[in-house]
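A quick write-up on the structure given underneath.
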Amino acid sequence: VQMFYLVTILSKSHADRNVYPSAGVLFVHVLEREYFKGEFPPYPKAGDSSNDPITFNTNLKGYPDRPGWLRYIQRTSHSDGVLYGSPTAEHVGKPTIIEITAYNKRTFETARHNLVINIMSTEEFPLPYQAEFFIKNINVEEMLASEVLGDFLGAVKNVWQPERLNAINITSALDRGGRVPLPINDLKEGVYVMVGADVQFSSCLREVETPQNQLRCSQEMDPVISCDKKFRAQFHIDWCKISLVDITKVVPVHSNRPDLGTGVLPDIGEYNPPSESLKSRDYFADFLITLAVPSAVALVLFIILGYSLCCRREGVEKRNMQTPDIQLVHHNSIQKSTKELRSMSKNREISWPLSTLPVFHPVSGEVVPPIHPDNYETTSMPLMQTQTNLQSQIQIPQQQSSGK
């Protein structure tokens, strides 16, 4: 019994499933995780088999990707995958085989089966009047659910009142250049839904084309639409992004497509590699360009820099020639006083320093008596001494002998 059960499951998983969508009508196929659970070993805990994380990979048989009209989405590994799209008349009569591979991330096992899409033609294809709505509060996988899509088509039919109404295509706002919303306040990505009908657009749908609503849309304000309340309960439609197309008035544009050819390169003979004996090459010119020229430029710059630093110095003699004599005398006296103070710090039992003896006055040229700190109030001494102040200075007291 156990062997029969396994054989039955294997035959079920490898059998081709056939679907028959119509051209110009939305095609939705759900990849149910329950369908592939029998392919994998049972979960250790009873009743927890649904917790297996399963992902799907879909591609056209013999090719790495899906057809251009077919899209696929799966939010998480614990949700079902969905194939959806709108086939065109070009695909009628051409079976499209889609390889579906399921990956079990717990056991790292895979299961595969084929989905054969047989596109059928319809008499009413294409419907002449097509309207595209942008719904802000729903994601694409939520809109692909049959009950949600049915509710939306019912609301559109109530507003439009057509005899035939079909969903033509559904596109995520992310595929149109939209941004991923922030994970706050339950924001949605949004979805574009295109529907087609066999009658003219209703007056409610054309209200968005009025000048007043166009002005409000240009100012990023919501237009005033009388039938919006019929959608507002479940669907928040951005009426500024609605698109109304009458394909009976669209001028077809025929483009001359180039001949793609067979895809096989012409026969140009066998490959002829280059000979093993290569000609010698002179690299002297390359050496001059890469080494000699930069070295010569660097040498010239080094010579200019050395001349500026070494040969353009003023020197001590030139500096003294440009310095006034009074400034040189002051500087010289400061240097002598500094040397005397340093020598006095080594031996303090010496006679009065030379700096306290009469010195030459640089302004008047007379001998000026020195200033002794014991007999002169230095706090009242002016910065620039006049001749009168100099004459009033006292004489240096004579050193007394050690006996006295």
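For the numbers below, each heavy atom of this structure counts, side chains included, while hydrogens, waters and symmetry mates do not.
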Sidechain-backbone polar pair: [X] side chain, [Y] backbone, donor-acceptor under 3.5 Å:
{"X": "Asn114", "Y": "Asp16", "value": "no"}
{"X": "Gln335", "Y": "His330", "value": "no"}
{"X": "Gln214", "Y": "Val208", "value": "yes"}
{"X": "Asp238", "Y": "Cys240", "value": "yes"}
{"X": "Gln327", "Y": "Pro324", "value": "no"}
{"X": "Arg164", "Y": "Asp198", "value": "no"}
{"X": "Gln74", "Y": "Ser79", "value": "yes"}

Practice prompt. For Thr88 and His91, run side chain to side chain donor-acceptor pair (under 3.5 Å): C-alpha distance rounded to whole Å, both residues' side-chain angles, the deciding distance at 0.1 Å, then the answer.
Written response: CA-CA 6 Å; Thr88 61; His91 306 93; 3.0 Å; yes

Worksheet entry | Any donor-acceptor N or O pair under 3.5 Å, side chains Asn213, Trp239 |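 Their side chains do not contain a donor-acceptor pair, so the 3.5 Å distance test is not met.
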
Fill in: Check: Asn59/Asp65 side-chain N/O donor and acceptor closer than 3.5 Å
no

Item to complete: Would you give the length of the straight line joining atom OG1 of Thr110 to atom CZ of Phe36, rounded to the nearest 0.5 angstrom?
Response: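 Thr110 atom OG1 to Phe36 atom CZ measures 11.0 Å (nearest 0.5 Å).
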
Worksheet entry | Reported CD-to-CD1 distance for the pair Glu189 and Ile138, which is rounded to 0.5 angstrom |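 Separation between the atoms: 12.5 Å.
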
Item to complete: Using the ring pair (Phe, Tyr, Trp, His ring centres under 6.0 Å) rule, take Phe235 and Phe133 through it: C-alpha gap first, then chi angles, then the decisive distance, then the call.
Response: CA-CA 10 Å; Phe235 307 101; Phe133 300 85; 10.0 Å; no

Worksheet item: Any ion pair linking Glu132 and Lys241 (charged N to carboxylate O, less than 4.0 Å)?
Response: no

Worksheet item: Is Lys230 salt-bridged to Asp228, going by a charged N under 4.0 Å from an acidic O?
Response: no

Item to complete: Count the heavy atoms belonging to other residues, nucleotides or ligands that lie under 6.0 Å from CD of Glu220, then report whether that count exceeds 12.
Response: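 For Glu220, atom CD is not crowded (no more than 12 foreign heavy atoms under 6.0 Å).
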
Discussion item. For Asp286, is the CG atom crowded, meaning more than 12 foreign heavy atoms sit under 6.0 Å from it?
Written reply: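 Yes, the 6.0 Å shell around CG holds more than 12 heavy atoms from other groups.
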
